[in-house]
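What follows is one structure encoded as structure tokens, with my remarks underneath.
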Amino acid sequence: MKYWLLKSEPEVYSIDHLKKDHQTDWEGVRNYLARNYMMKEMSLGDLCFFYHSNSDPAGITGVAKVSRQAEPDLLQFNKKSEFYDQKSTRQNPRWFCVQIQFVKKFKNLISLARLKQEYALQKMALVQKGQRLSVQPVSQTEFDFILSIAEAGSRPRLDQSVSEN
DNA sequence: GCCAACGTTGGC
DNA sequence: GCCAACGTTGGC
């Protein structure tokens, strides 16, 4: 099992869209490295952080899982699509996408600023300067660490209410 | 809106 | 195959 991070602009497609749709084809990726991750390395059941980019605040909003392995991205054949690719043929498609399924939305988004503050995540791809790949691998350690932040953040602060009395 | 970082294109 | 020019991403 591998772990990933998928970026999406929430105004285009947010975690709430995914929750509503239940599952979606991750189409429109037009970067070879990102494509190769989807095509060659993603397997059924792999877990993905769902990241909102170009938003305020930017950050990780939840989890999805790979529900179908990579298949040709049909938008590349659609002349009306902004993702149409003249050089791609059905016999030899250039772009592929996986299908992902909603798993959960975090009660609170984990902001990029917060992630950058975490010593344990210093090496994470997402927090590196200039990192703009829309499909990124995440290590199991990073994945577990971030999940623990999400779960801690969604639990009532019992410790605080006790100490106040 | 700015701009740094990165990817792609195309002339040579 | 090099690299300048251009386009895109995405944080700030």
Side-chain angles (χ1 to χ4, degrees), chain A residues 2-21 24-42 46-66 70-100 102-139 141-143 145-150 152-153:
Chain A
K2 291 201 178 90
Y3 302 92
W4 306 94
L5 180 141
L6 305 176
K7 291 186 186 175
S8 185
E9 298 190 19
E11 288 183 9
V12 178
Y13 197 87
S14 72
I15 186 95
D16 292 319
H17 289 119
L18 179 61
K19 187 175 183 180
K20 183 163 156 268
D21 294 346
T24 193
D25 291 335
W26 205 244
E27 38 191 21
V29 173
R30 294 292 180 269
N31 170 285
Y32 287 105
L33 189 50
R35 179 204 69 175
N36 290 346
Y37 282 139
M38 285 200 286
M39 228 174 116
K40 299 176 181 172
E41 298 201 37
M42 274 193 190
D46 280 3
L47 294 175
C48 311
F49 282 133
F50 197 101
Y51 179 87
H52 283 181
S53 63
N54 250 321
S55 64
D56 191 17
I60 297 174
T61 57
V63 179
K65 76 174 173 192
V66 177
E71 287 184 12
D73 178 341
L74 297 177
L75 296 181
Q76 70 196 302
F77 308 124
N78 181 352
K79 284 186 180 168
K80 288 179 183 164
S81 169
E82 61 173 311
F83 298 110
Y84 174 67
D85 187 336
Q86 201 174 5
K87 293 178 184 166
S88 188
T89 63
R90 288 190 185 264
Q91 290 70 34
N92 188 18
R94 178 180 292 196
W95 304 109
F96 286 73
C97 64
V98 295
Q99 182 190 68
I100 59 167
F102 178 80
V103 173
K104 68 170 138 185
K105 178 183 176 180
F106 294 154
K107 190 164 185 183
N108 300 112
L109 168 148
I110 307 172
S111 72
L112 179 61
R114 167 77 197 276
L115 295 169
K116 283 182 170 171
Q117 283 170 9
E118 296 292 347
Y119 181 78
L121 300 176
Q122 276 187 328
K123 300 216 170 122
M124 188 182 184
L126 181 72
V127 306
Q128 306 310 311
K129 195 174 182 183
Q131 181 54 263
R132 46 179 223 187
L133 197 61
S134 66
V135 177
Q136 303 180 357
V138 174
S139 75
T141 311
E142 290 159 355
F143 193 89
F145 183 83
I146 292 168
L147 262 196
S148 73
I149 294 177

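Naming: A, B, ... by sequence-line order, numbering from 1 per chain.
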Original post:
Would you find a donor on one side and an acceptor on the other, under 3.5 Å apart, between the side chain of A:S8 and the backbone of A:P10?
Top reply: no
Subject >> Distance test, side-chain N/O of A:Y51 to OP1/OP2 of C:dG11, below 4.0 Å >> reply: yes
Subject >> Sidechain-backbone polar pair: A:Q136 side chain, A:L126 backbone, donor-acceptor under 3.5 Å >> reply: yes
Subject >> Spacing of A:E11 atom CD relative to C:dG11 atom C1', expressed in whole Å >> reply: 15 Å
Original post:
Do any N or O atoms from the side chain of A:Q128 and from the backbone of A:M124 form a donor-acceptor pair under 3.5 angstrom?
Top reply: yes
Original post:
Of all the nucleotides listed (B:dA5, C:dG11, B:dT8), which has the minimum atom distance to the side chain of A:K129?
Top reply: B:dA5
Original post:
Any side-chain N or O of A:K7 under 4.0 Å from OP1/OP2 of C:dT9?
Top reply: no
**OP:** Could you check how far CG of A:D85 sits from C1' of B:dT8, rounded to whole Å?
**Re:** 12 Å
**OP:** Compare the minimum distances between each of C:dC12, B:dA4, C:dG10 and the side chain of A:L112, then state the nucleotide with the smallest one.
**Re:** C:dC12
Original post:
What integer distance in Å separates A:R30:CZ from C:dT9:C1'?
Top reply: 16 Å
Original post:
Taking the side chain of A:K116 as heavy atoms from C-beta outward, which of B:dA4, C:dC12, B:dT8 is closest to it?
Top reply: C:dC12
Subject >> Donor-acceptor contact present, side-chain A:T61 to main-chain A:F50, <3.5 Å >> reply: yes
**OP:** Quickly work out the A:D56 CG to B:dG1 P distance and round it to whole Å.
**Re:** 16 Å
Original post:
Nearest-Å distance, CG (A:L109) to P (C:dG11)?
Top reply: 11 Å
Original post:
What is the distance, rounded to the nearest whole Å, between atom CD1 of A:I60 and atom P of C:dG10?
Top reply: 14 Å
Original post:
What is the distance, rounded to the nearest whole Å, between atom CD of A:Q131 and atom P of C:dT9?
Top reply: 14 Å
Original post:
Quick one: on DNA chain B, does A:K87 or A:L33 contact a more 5' nucleotide (nearest heavy atom)?
Top reply: A:L33
Original post:
Between A:R132 (CZ) and B:dC6 (C1'), how many Å, whole number?
Top reply: 4 Å
Original post:
Can you tell which of A:I100, A:D73, A:L18 makes a side chain to side chain contact (heavy atoms under 4.5 Å, CB included) with A:W26?
Top reply: A:I100
